[in-house]
Amino acid sequence: MSTPSLRTENLTIRFGGHAAVNGVTCAFVPGELTVIVGPNGAGKTTWFNLVSGQLRPTEGRIFKADRDITGLAPSARAKAGIGRAFQLTNLFPKLSVRENVRLAVQARRGVGPRILRAAASFGDIAEEAQAYLERARLDTVAELPASALPHGDQRKLEVALLMAMQPDIYMFDEPTAGMSVDEAPVILDLIATIKEDRSKTILLVEHKMDVVRALADRIVVLHNGELIADGGPSAVMAMPLVREIYLGVGAEDVA
Amino acid sequence: MTAATLETAAATPARRIPMGRAIVYGVVLAIGLVLATAPFLFPDVRSQEVAARICIFIVLVASYDLLIGYTGIVSFAHTMFFGLGAYATAIALKTMGPGFDAILLGGALGVLAALVLAILIGLLSLRVKAIFFAMVTLAAASVMLVLASQLSDFTGGEDGITYDIPRFFAPANKLFEDADGKVVRLFGVALNGRLALYYFVFVTALVLFVLMLRIVRSPLGTVLEAIRENEMRAEAIGYRVVAYRTAIFCIAAVIAAIAGILRAVWLKYTGPEVALSFAIMIDILLMVVIGGMGTIVGAVIGVVIMTLAQFYLKDLMEVAAHATADVPLLPDLLNPERWLLWLGVLFILLVYFFPAGIAGTLIGKGGHK
């Protein structure tokens, strides 16, 4: 195995007496797509928030490659190559779809402080934003405000923002939640494309079992904030404990 | 302003410029042209007073719009920065005598003081919730107001300071003389120092206004809007929100301080009432709301409406009261002493029919729907 691109060491966060994430130690390598599963309240999104910086851990450390990023702000982690898409749609609602994507492109390229040149004159950024809009099939609605998009398109824009950041580590939090059957494949195709570039690490929180089977190289199971299983899809899905707590609770999600 | 209109047109080559947007830019351009020729269109002293006040307040209100409209920062310290520029210039003119060196030095110190204070307030408190930040700015502005009235040796206290400005700006200064040594007149208007002073105010205001239009159309402008829309996501895609907020707070403070310099030089008087009071802060808020937050050009419309109402509503009511003298009740309602009532009615009507401000509503209607 190659060296880990992301590693959490004894990662723990307590809210009052409740440990939402409890001593999670695991490592991820480039080229691997890991699906993180677990019932509601297992701590999946909280663990994501710790890695991308929205929450600070009570204990434990986070490493991007060899660099300790535990103390970094979310913006610094984004610059360090950790990209995150959110479970609840989390966009810039009054800005146009194009501006949403352009913001992500320009954040990475760092033109923010150039305050006297018109944004429209940064042709390379506009072109790149256009490319991501086309990949996410949002180019026809690019001039609408993000809030005017139907839910499915907002989910696509969420993923387009993440792709425009070009991170080393992609974190998707239920990217197809609430999407119709014919919309979901667009996003799954996008994830599959990222996976083809073997240099990226992909983390995916997902409930739909067909998605898990189609994409996962590895499955990590969280339960009550603890990591209870970690391994290849078939091995993990065969574990009695996993079948009981995951498939039992989440049976309605099994497609 | 012409450049900005063309730029907008160039940015959207495929689409027709929507109706509402065209109206707003047309009105703003017309106001700009009137202000550019104001001394010739309205040569009387009071009109020039109004025109200069409009120029200065456009800068002040547009810089406030950078904060409240674009970035979603609520600050009550904007008149404080305005006052710092005005007072520093006034004190320099008073102590050093009426020279351009005094304006330059005093103005530079005022701008520097505004910048330092903005950095301090920004770094200390832009991390906290919006409401706490608003309270901090309110406290800072109150302290400044108390200081201005207590340090009366420097500031003249409640009475303020009167001083002379460079002789170049005096009405007696002839910019051009004819063969007899008389001042040259253009369209009947004397080309004297007073005219030079007006254009000093107008050109400085125009440069600052265009600068602000450039800022909001730059990549930074979009980042500011992103921070207003969704601070957490802006941070998550890699923007240091606190740094950007502090930066725009400093830029707005510096521009407000420069507007203060213009105010001090134009009025030849600086006191709490004209440069520092909370009444000015409320005027700024009303103007930015009437014009339309997050538009910059809305500042022009809001300032013109409010200023014209403040200066001319009484006159208009006087005329109306006379005209309706024979009708019962109406002359009493239109009595000039009740002008604040009608200003209130005007404000309510404007907010009712233009909920996003005049420019905001018109541009929004033409743009997205």
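The sequence lines fix the lettering, A, B, ..., with proteins before strands; numbering per chain opens at 1. Quick note: numbers below take in every heavy atom, side chains included, and nothing from hydrogens, waters or symmetry partners.
For the set A/Met165, A/Glu99, A/Lys79, the count of heavy-atom pairs under 4.5 angstrom toward chain B peaks at A/Met165. Chain B forms the most heavy-atom pairs under 4.5 Å with one residue out of A/Ala78, A/Ala104, A/Pro167, and that residue is A/Ala78.
Side chain of B/Ser63 to backbone of B/Leu60: a donor-acceptor contact under 3.5 angstrom is found.
Across A/Ile194 and A/Phe172, no two heavy atoms sit closer than the pair CD1-CZ, 3.8 Å. Minimum heavy-atom separation, B/Ala259 to B/Ile56: O-CG2, 3.6 Å.
No side-chain N or O of A/Glu158 forms a donor-acceptor pair with one of A/Gln154 less than 3.5 Å apart.
Applying the side-chain contact (heavy atoms from CB on, under 4.5 Å) rule to A/Arg137 yields the partners A/Val186; only residues at least two apart in sequence or on another chain are considered.
Chain B is approached within less than 4.5 Å, heavy atom to heavy atom, by A/Gln54 from residues 46-55 of chain A, ordered by number.
We find that A/Glu183 and A/Arg155 are not joined by a salt bridge, their nearest charged nitrogen and carboxylate oxygen being 4.0 Å or further apart. Between A/Arg84 and A/Asp173 there is a salt bridge, since a side-chain N of the basic residue sits under 4.0 Å from a carboxylate O of the acidic one.
Contact annotation for B/Ala234: both backbone and side-chain heavy atoms come within less than 4.5 Å of a heavy atom of chain A.
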